[in-house]
Amino acid sequence: MPEITYIEAIRQGLFEVMRAHPDVVLYGEDVGAFGGAFKATLGLQKEFGKERVFDTPICESAMLGVAIGMATQGLRPIVELQFADFITTALHQLLNNAGTLHYRTGVPVPMVIRAPCGGGFSGGPFHSEELEAIFCHMPGIKVVYPAFPCDARNLLHTAVMDNSPVVFLENKYLYRHIKEAIPAKHDPLPFGKARICRNGRDATVITYGAMVNETLHAARDLIDDTGYDITVVDLRSLKPYDKDTIMAAVASTNRVLIVHEAWHTCGFGAEIAAHIAENAFHLLDAPVRRLTAPDCPVPFAPVLEERYRPNSAKIVSALVDLIEY
Amino acid sequence: MPEITYIEAIRQGLFEVMRAHPDVVLYGEDVGAFGGAFKATLGLQKEFGKERVFDTPICESAMLGVAIGMATQGLRPIVELQFADFITTALHQLLNNAGTLHYRTGVPVPMVIRAPCGGGFSGGPFHSEELEAIFCHMPGIKVVYPAFPCDARNLLHTAVMDNSPVVFLENKYLYRHIKEAIPAKHDPLPFGKARICRNGRDATVITYGAMVNETLHAARDLIDDTGYDITVVDLRSLKPYDKDTIMAAVASTNRVLIVHEAWHTCGFGAEIAAHIAENAFHLLDAPVRRLTAPDCPVPFAPVLEERYRPNSAKIVSALVDLIEY
Amino acid sequence: MTDATSITPSHRALNASDAACTPVNGDKDRYVGMLRTMLRSRFTDERLNRLYKQGHITGGVYSSIGQEAIGAATTAAGQPQDLYAPLIRNMAVHVGRGETVLDVFRQWLGRGGSPTRGRDGNIHYGTFSHGVYAMISHLGAMLPVVVGGVMARRRLGVDAVGFAYIGDGGSSTGDFHEAINFAAVFSVPVIFIIENNKYAYSTPIAGQFRCERLIDRAPGYGLEGFSADGNDALALYRLVHPLAADIRAKPRPIMIECDTMRMRGHGEHDDFTYVPPKLLERYRARDPIAVASNHLKAEGVLTAAEIESLTQACQAEVDLAYRTAMNEPPPNPDTLLDGVYANA
Amino acid sequence: MTDATSITPSHRALNASDAACTPVNGDKDRYVGMLRTMLRSRFTDERLNRLYKQGHITGGVYSSIGQEAIGAATTAAGQPQDLYAPLIRNMAVHVGRGETVLDVFRQWLGRGGSPTRGRDGNIHYGTFSHGVYAMISHLGAMLPVVVGGVMARRRLGVDAVGFAYIGDGGSSTGDFHEAINFAAVFSVPVIFIIENNKYAYSTPIAGQFRCERLIDRAPGYGLEGFSADGNDALALYRLVHPLAADIRAKPRPIMIECDTMRMRGHGEHDDFTYVPPKLLERYRARDPIAVASNHLKAEGVLTAAEIESLTQACQAEVDLAYRTAMNEPPPNPDTLLDGVYANA
Ligand SMILES: Cc1ncc(C[n+]2csc(CCOP(=O)(O)OP(=O)(O)O)c2C)c(N)n1
Ligand SMILES: Cc1ncc(C[n+]2csc(CCOP(=O)(O)OP(=O)(O)O)c2C)c(N)n1
Ligand SMILES: [Mg+2]
Ligand SMILES: [Mg+2]
């Protein structure tokens, strides 16, 4: 099995779904001959033609509105945002239009929005955001966020074949920083299934996206340096999220740290913490902790972003604190 | 002291700030001679002229962008949204532009967005939303949500004189459903100060907006029917929120129910629950519970909305559950 | 007028009455159909107004009174495979596309059997099987949806045309611009129909834009733009019908601005005292039902007696429908959470 | 040309070279200033490109090379009280408004002493004391900000004019439409400058819009629109200077489309092989610095030797500035949370 990067896995997934399903179309800014700002779509227009893979003007609201129109008339559009950050110009199309349509009319809206997100590369306040909490608050919308190449490919298949609008979050830092051996055929991977990346007895970290990798580093460092052994849960799907796996992990470690790269207040971690606090109260030996970015715009200068963004070292010290509580 | 309604208190507050501060301007759709969809601005254009109170075309993004431009050049704009729901067309102006500007440049952005929200009157999915969790996730933005006429007026003064962008949430159901005697002069009321509406020993409800009133009803019913005595905390400010008052209430009752009218997943209640779970772990005798709207669009038909929206009866039964846990 | 070259060139205003005139008798059914659509629409609105005042309708009532000609003509000009995105003043689009008046009342009354199963109310509905999108409130947001719908149908081999409606007020939204430009770039055959009814809620058009006519925006997208009398259904039909055929064959969007007037308040809660009575009078004299009736009589299509009996039939249909809907049950609250997501 | 009636009427294209020509010598300082602005801008960009390739700049580098005339002319045409909202290709606006080259390098290098204290990078800055707004990335979003800024200044008694820049690509955003319409309705004196540089990232203008010229959009807002050669600073200045004076006195927005070309990739990471070499050649032959230098020599404003020494002075200034910035420290990470909110 060849090792491929996270972005290569997404690209491969796109080729696969478009080959298998002639009703899939893909569009966005510069996704055609150019292959997209990150090259996730390179070669697709060549194989599938301009009718199925095309560049649009810069108009995120029209892009999403057009997808709703297409999805309700027999196509399965995939829209690439150049950066997730730009969707704030068009959230009415997501929350109010796509998210309510099936509920109001019974008509399915199978559309996927691919949104490159996250920081760690000096992208500054407008090219680094993590907006998953906002998406997850929206009724009618599903949200996934893979952390590994195989999951990215498998979830992409699931997303495209789902009959509801799906926000497919991709992490830009992972694009070229993580590789994995990938089988010839994708595996079915339903939404709402977390992955237990490792099992330990001392605490559980619940995380997703780029922070999975940081947490795995932290877990390795921690066992070497202190002997503490950590369970790492990669949520993969944020809406729906896997309550059973979370409960089982909490039950077996009794201590929980939630880690994400998004802002603290009303971040997705608050939802997980609240859920655990409500449903696993008697299982906890220590308070549920959150390690997140602080409530400030994503800063540009590397020294500031380093301070801003959670990483394996910060996870290690938060875990030591939690375990020694 | 005359008794006036919630909306009348807002209107009075607007007159007061505009009289006191010539740098305040107010605009929005139909806010001029017509006085706004809810009549909160009736009479303002007449007193302050079209230069200071004016109607705009229907363009929420330009409306917010213009406010940023004004706020950075010496004015204090107040923008009325006709309904809070429509801000989803313009969240980039709030999150990315207004919210980051001072952090990036050091230039203050004193602007207020008045956003009528909430349901309970068969407004359907596009005229009933509660989006506070989305606003509270945004760095650089302050969010307040008064539940009483005096607070509405006092917080409006604070909001207009604050040097950061403030989302001022108004509850449409409260507009004409709640009255209060109001003193001749407003009282200074800083952000971040909750109000303890009543003190009880058996449990604390943390809430805001229209649910404060429902909770007070519930508390009265409960003490009559069961003798259970409830503390009711009206947060008033959501960002910043009053951590001290929350901690004190939790310490004295050891049981907490959070109530809001917004969607469950990633709602503002998750933040409060997570904060309590993390910081008051040892004070809790029962899990922190949330009573919220479910994750579905706000339905139109009264029987559906009745089922959808929390109310005093649902609060009573959630409290009994919690206290008898 | 199937030859594109006979269409008046870009950014020239064209009055509907200038359009090539199809002989009246050849289209008799269509003409009668338009009158029927307007009558159904009007009587339905009148009944809704009454039901609202009687407290049977929650939320609000927004009526299309005075603007029925636009929906009647543009639905008559389309074909079954076409897609429509009506807005707040388009009762006539709903009934013109064959949605039943009974469903309309169910919708406004929030009945369990309504097109939205009571989940949404009033104007926020549409029947997909009739090619009608269910609007959301956010003005402008439906325009790109129609564009995408038509793109999809065409990709799947159906020669659909789209009809997208927007008010003078809605023309200030960013979505108006993005959607029309998108349609232009991809040559999507959508007719953007701007209903200039002089007001957006309380705000007159002078407070909305500074161009002379809203179709002055057409050349900015490379589109042809047409001005039409929005209160003359027959003339409008004669403009739109050949244009729809033309863009169906040679795909491209076009823009039509209809001169009309909102004859009621924004909603029935609004006494619209801000509208000068003179303005209302001017348009009251051009009531679209009267205009069409007079045309049909003058052109010998229908007699006064025939019009009278059509009128009575429509009134009876509406009366029966509202009574039926009134007796239907509300939705079952246990269904609250059904259908937030589609089945996978 | 302070008399409005001498301005070519609405939606007529006007070439900059048609504009009433102020005698050259009367404006000598301004002309020399424009050349200096362009040289500073160009040398700064060239140095930034090198620093990026050497790994000193994180994020990316986006250059204004080939488009300097627009910023040079429009800043020369303004007054100190005016407001500017530069975008990605407007290095010349920054330096033309008197921001120091040193600050530019601090910004791109993310230094603690940069205009954004390292919180933001590259093009996302602006000096309020110089009337320059700090852009956000979301294209179109700055346009209403300038409109509001000018409204505020005017309300406070300052006769400001706004200069708002947008690319051919950015003209497809909803904000473009909303902002221009807003300015039109309130007669706000803002010059909307569309820099048509033929590409939005990899997408040529044929994939962005279908109007012939982007100023075909002007009449749709009731504005006058002007076409200009964006590579001829002097001619552009002669167009914009009187227009700015005119709208300052008789407030209203106007639109100017500048024909120019992006001479590098979208950013320095982009090899722009998608651009036909012929197109680049055509504009390379009209490099704005060469065009201006030749004009100034031909019109006897500057000698070749004077231009040479100005060039050397600008290069030396840029070299000194980047070396200084290189030696400055990054921000103190302990300041991370400072200033999320303004002091109350
Ligand atoms: C984006 C957005 N902002 C505000 C509103 C509130 N609103 C509903 S209808 C209306 C006036 C619409 O005027 P126009 O488009 O002319 O339509 P008309 O009612 O005249 O048919 C307004 C402001 C809305 N629906 N959408
Ligand atoms: C709303 C929005 N969508 C997407 C982007 C990503 N983006 C940045 S620059 C650019 C191309 C801009 O083209 P144009 O406006 O012509 O400016 P130019 O780079 O040619 O000067 C794009 C798509 C953005 N900045 N904002
Ligand atoms: Mg109107
Ligand atoms: Mg460009």
Side-chain angles (χ1 to χ4, degrees), chain A residues 27-39 41-42 45 50 54-63 65 81-83 85-90 92-93 119-129 263-265 293-309, chain D residues 57-60 107-112 114 116-125 135-141 167-177 199-205 207-210 266-267 269-270 272-274 329-341:
Chain A
Y27 60 86
E29 291 148 15
D30 307 294
V31 299
F34 191 65
F38 298 98
K39 303 296 172 195
T41 62
L42 200 66
Q45 187 177 69
K50 289 192 180 178
F54 54 93
D55 294 333
T56 66
I58 303 168
C59 49
E60 280 74 10
S61 178
M63 286 158 64
L81 297 173
Q82 203 153 79
F83 287 83
D85 312 59
F86 300 134
I87 202 171
T88 45
T89 60
H92 60 302
Q93 294 290 6
F121 58 97
S122 225
F126 312 116
H127 294 78
S128 311
E129 286 177 347
W263 298 306
H264 186 79
T265 302
D295 287 332
C296 79
V298 191
F300 166 81
V303 293
L304 292 176
E305 194 178 12
E306 173 81 14
R307 180 67 66 93
Y308 168 87
R309 196 166 176 257
Chain D
I57 293 180
T58 52
Q107 170 69 14
W108 287 78
L109 290 162
R111 295 306 187 235
S114 84
T116 59
R117 287 121 59 241
R119 284 152 163 67
D120 209 337
N122 49 63
I123 49 183
H124 301 94
Y125 70 106
M135 67 175 276
I136 70 166
S137 291
H138 299 59
L139 288 166
D168 44 280
S171 76
S172 303
T173 61
D175 277 356
F176 173 89
H177 176 69
Y199 281 84
Y201 210 149
S202 76
T203 307
I205 52 178
Q208 300 280 350
F209 51 83
R210 283 291 168 85
H266 174 65
H269 59 276
D270 168 18
F272 61 119
T273 46
Y274 50 80
N332 177 348
D334 294 342
T335 63
L336 175 66
L337 296 182
D338 295 354
V340 174
Y341 294 98

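Source: prediction; values computed, not measured. Numbers restart at 1 for each chain; the letters A, B, ... are given by sequence-line order, proteins then strands.
The contact between D:Tyr274 and chain A is made entirely by side chain atoms (from C-beta outward), counting heavy-atom distances below 4.5 Å. Both the backbone and the side chain of A:Tyr308 come within contact range of chain D, each with at least one heavy atom under 4.5 Å from a heavy atom of that chain. Only the side chain of D:Leu139 comes within contact range of chain A, judged by heavy atoms closer than 4.5 Å. Heavy atoms closer than 4.5 Å to chain A are found nowhere in D:Arg111, neither backbone nor side chain. At a 4.5 Å heavy-atom cutoff, the contact between D:Ile136 and chain A is made by backbone and side-chain atoms alike. At a 4.5 Å heavy-atom cutoff, the contact between A:Gln82 and chain D is made by side-chain atoms alone. For a residue to count as touching a neighbouring chain, one of its non-hydrogen atoms must lie under 4.5 Å from one of that chain's; by this rule A:Asp30 touches chain D with backbone and side chain alike. Residue contact with chain A, scored on non-hydrogen atoms closer than 4.5 Å, involves the backbone and the side chain of D:Asp334 alike. A:Ala37 touches chain D through backbone and side chain together, each having a heavy atom under 4.5 Å away. Contact of A:Asp295 with chain D is made through the backbone alone, with heavy-atom distances under 4.5 Å.
Of the residues considered (D:Gly121, D:Ser114, D:Gly110), D:Gly121 shows the highest number of contacts with chain A, using heavy-atom pairs under 4.5 Å. With respect to chain D, the highest number of heavy-atom pairs below 4.5 Å among A:His127, A:Glu305, A:Glu306 belongs to A:His127. Highest contact tally toward chain A, considering only D:Thr203, D:Thr335, D:Asn332, D:Leu109, is held by D:Thr203 [criterion: heavy-atom pairs under 4.5 Å].
With contacts defined as side-chain heavy-atom distances shorter than 4.5 Å, the pair A:Thr88/D:His138 qualifies. In this structure, the side chains of A:Pro125 and D:Asp120 come closer than 4.5 Å at one or more pairs of heavy atoms.
For D:Gly170 against A:Ile58, the heavy-atom pair with the smallest separation is N-CD1, 4.2 Å. Taking all atoms of both residues into account, the shortest heavy-atom contact from D:Gly207 to A:Pro57 is O-CG, 3.7 Å. Taking both residues in full, the closest heavy atoms of D:Leu336 and A:Pro294 are given as CD2-CG, 3.9 Å, listed atom of the first, atom of the second, then distance. Between A:Phe86 and D:Ser137, the shortest heavy-atom contact is CE2-CB, 3.7 Å. Here the shortest heavy-atom pairing between A:Val303 and D:Pro331 reads CG2-O, 3.3 Å. Heavy atoms only, all atoms of each residue included: D:Val340 and A:Pro297 are closest at CG2-CD, 4.5 Å.
A distance of 8.5 Å separates CZ of A:Phe300 from CH2 of D:Trp108, quoted to the nearest 0.5 Å. The CD atom of D:Gln208 sits 8.5 Å away from atom SG of A:Cys59, with the distance rounded to the nearest 0.5 Å.
Relative orientation of the A:Phe126 and D:His124 rings is tilted, given thresholds of 30° and 60° on the angle between their planes.
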